[in-house]
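First the structure, in the form of structure tokens, and then the observations on it.
This is a predicted model, so every value here is computed, not measured. First the proteins, then the strands, lettered A, B, ... as listed; each starts at 1.
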Number of protein chains: 2
Amino acid sequence: MPVQMHHPSLDEVSLSAVFAALSDDHRRGVVVALAVDPTREQPCSVFPVPGTKSTRSYHWKVLREAGLIIQRNTGTGMMLRLREPEFEQRFPGFLANLLHLEGRPPVPAESTHENGDAPPDR
Amino acid sequence: MPVQMHHPSLDEVSLSAVFAALSDDHRRGVVVALAVDPTREQPCSVFPVPGTKSTRSYHWKVLREAGLIIQRNTGTGMMLRLREPEFEQRFPGFLANLLHLEGRPPVPAESTHENGDAPPDR
DNA sequence: GACTTGGTTCGAAAATCTTCGTACTCAGGT
DNA sequence: ACCTGAGTACGAAGATTTTCGAACCAAGTC
């Protein structure tokens with residue numbers, strides 16, 4: 001009955017669990033989408049993971065138990081966000097490399113508003 | 001009956017296959033051991049992958065089909081070596097990051113000491 | 001030649017991962 | 001209070017991965 005679900009401590013997650021979680025295209029897509037803007041929390045309904053509610057819920061669980069995401073229950077919906085900076089501290093460079101491999105440039109900085117073209121400046 | 005086995009082209013291997021191959025501790029151990037000294041070829045008998053011959057052979061196949069290793073038959077034994085620099089070109093930075101995560105510093109450079117002092121094999 | 005050594009491949013069995021339906025919970029609206 | 005929408009947990013069925021044994025192959029050795 002936990003209204004708040006369990007997130008494992010980062011040092012009890014193994015690299016094997018991380019690789020296994022990311023070996024699925026849909027799950028990896030979620031992580032990449034989140035990692036593009038690591039501080040931004042998004043409703044899980046926006047992610048194109050196919051299947052029924054329980055199937056989708058299963059995938060969030062796999063990602064959660066791999067230490068990759070944090071799930072927050074808002075009562076009216078579930079929010080997902082990347083588990084940063086904990087994950088970076090435990091597995092340094094991993095997410096940056098993943099983003100690079102997927103050809104997705106990380107968001108330049110902490111502009112949390114949709115600023116079409118933000119001149120990176122400096 | 002191919003005495004020489006098939007290695008897929010690097011651009012038909014998916015990131016999913018790579019992650020899946022590395023989600024196993026033993027397989028990842030092989031890749032890390034090879035990546036420490038990427039040009040060095042080693043007999044597959046040196047790797048501590050448990051199981052029968054066919055089980056071990058299965059794991060080489062998974063790594064081979066993920067584009068991670070090259071298998072060369074010497075008639076009297078099987079040699080494994082990292083699939084460099086092809087893999088690096090296809091998935092830049094991946095192996096370096098893996099080595100870093102496993103706390104294994106890569107061999108500095110051209111010191112491919114094909115002998116040096118004997119590794120503790122016995 | 002016969003025999004051993006070190007390996008692959010092909011099933012089939014075992015184990016694990018994935019999907020789904022059902023039951024349940026929580027918060028909001030009526 | 002009842003209902004609805006969004007989600008988790010638990011089985012069980014289905015799909016995939018992993019392991020093993022048996023058959024086979026190639027190169028050395030006797």
Each nucleotide N or O in nucleotides 28-30 of chain C that has a protein N or O under 3.5 Å away: list the pair and distance.
none

Quick one: CG on B:Asp25 to CG on A:Leu15, what's the gap to the nearest 0.5 Å? 8.5 Å
B:Met79 CE - C:dG6 P separation (whole Å): 14 Å
Got a sec, which residues hit salt bridge (charged side-chain N to carboxylate O under 4.0 Å, His left out) with B:Glu86, two or more places apart in sequence or on another chain? B:Arg83
Review item, nucleotides 1-4 of chain C N/O atoms under 3.5 Å of protein N/O:
none

B:Trp60 has an atom CH2; how far is it from atom C1' of C:dG6, in whole Å? 13 Å
Could you pull out all residues at least two apart from B:Phe47 that satisfy ring pair (Phe, Tyr, Trp, His ring centres under 6.0 Å)? none
A:Met5 atom CE is separated from D:dA6 atom C1', nearest whole Å, by 12 Å
For nucleotides 18-20 of chain C, list the nitrogen or oxygen atoms of the protein found under 3.5 Å from its nitrogen or oxygen atoms, one pair per line.
{"unit_1": "C:dT18", "atom_1": "OP1", "unit_2": "A:Arg27", "atom_2": "NH2", "d": "3.3"}
{"unit_1": "C:dT18", "atom_1": "OP2", "unit_2": "A:Tyr58", "atom_2": "OH", "d": "2.6"}
{"unit_1": "C:dT19", "atom_1": "OP2", "unit_2": "A:His59", "atom_2": "NE2", "d": "2.6"}
{"unit_1": "C:dC20", "atom_1": "OP2", "unit_2": "A:Thr52", "atom_2": "N", "d": "3.3"}
{"unit_1": "C:dC20", "atom_1": "OP2", "unit_2": "A:Thr55", "atom_2": "OG1", "d": "3.2"}

Between P of C:dT9 and CD of B:Glu65, the distance in whole Å: 9 Å
Length of the CZ-P vector between B:Arg64 and C:dT8, whole Å: 8 Å
Could I get the full list of side chain to side chain donor-acceptor pair (under 3.5 Å) partners for B:Arg104, not counting sequence neighbours? none
Side chains of residues 64-71 of chain B: which donor-acceptor partners sit under 3.5 Å, not counting sequence neighbours?
{"unit_1": "B:Arg64", "atom_1": "NE", "unit_2": "B:His6", "atom_2": "O", "d": "3.1"}
{"unit_1": "B:Arg64", "atom_1": "NH1", "unit_2": "B:Gln71", "atom_2": "OE1", "d": "2.6"}

Rounded to the nearest angstrom, tell me the gap between atom CZ in B:Arg56 and atom P in C:dT9. 16 Å
Separation of atom CG in A:Asn73 from atom P in C:dC24, rounded to whole Å: 20 Å
Test: side-chain hydrogen bond (donor to acceptor under 3.5 Å, both in side chains). Region: residues 87-102 of chain A. Which pairs qualify, not counting sequence neighbours? A:Arg28-A:Glu102
According to a strict under-4.0 Å criterion, is A:Gln71 in side-chain N/O contact with OP1 or OP2 of D:dG7? no
Hits for side chain to side chain donor-acceptor pair (under 3.5 Å) against B:Thr55, two or more places apart or cross-chain, chain-then-number order -> B:Thr52
Less than 6.0 angstrom separating the ring centers of A:Phe94 and A:Phe19, yes or no? yes
When Ile, Leu, Val, Met, Phe, Trp and Tyr are grouped by side-chain heavy atoms lying under 4.5 Å apart, directly or through other members, which residues fall in the same group as A:Val62? A:Tyr58
How would you list, by chain and number, every residue that makes a salt bridge (charged side-chain N to carboxylate O under 4.0 Å, His left out) with B:Arg81, sequence neighbours excluded? none
In whole angstrom, what separates A:Lys53's NZ from D:dT4's P? 14 Å
State which residues pass side chain to side chain donor-acceptor pair (under 3.5 Å) with B:Glu41; sequence neighbours excluded, sorted by chain then number. B:Arg72
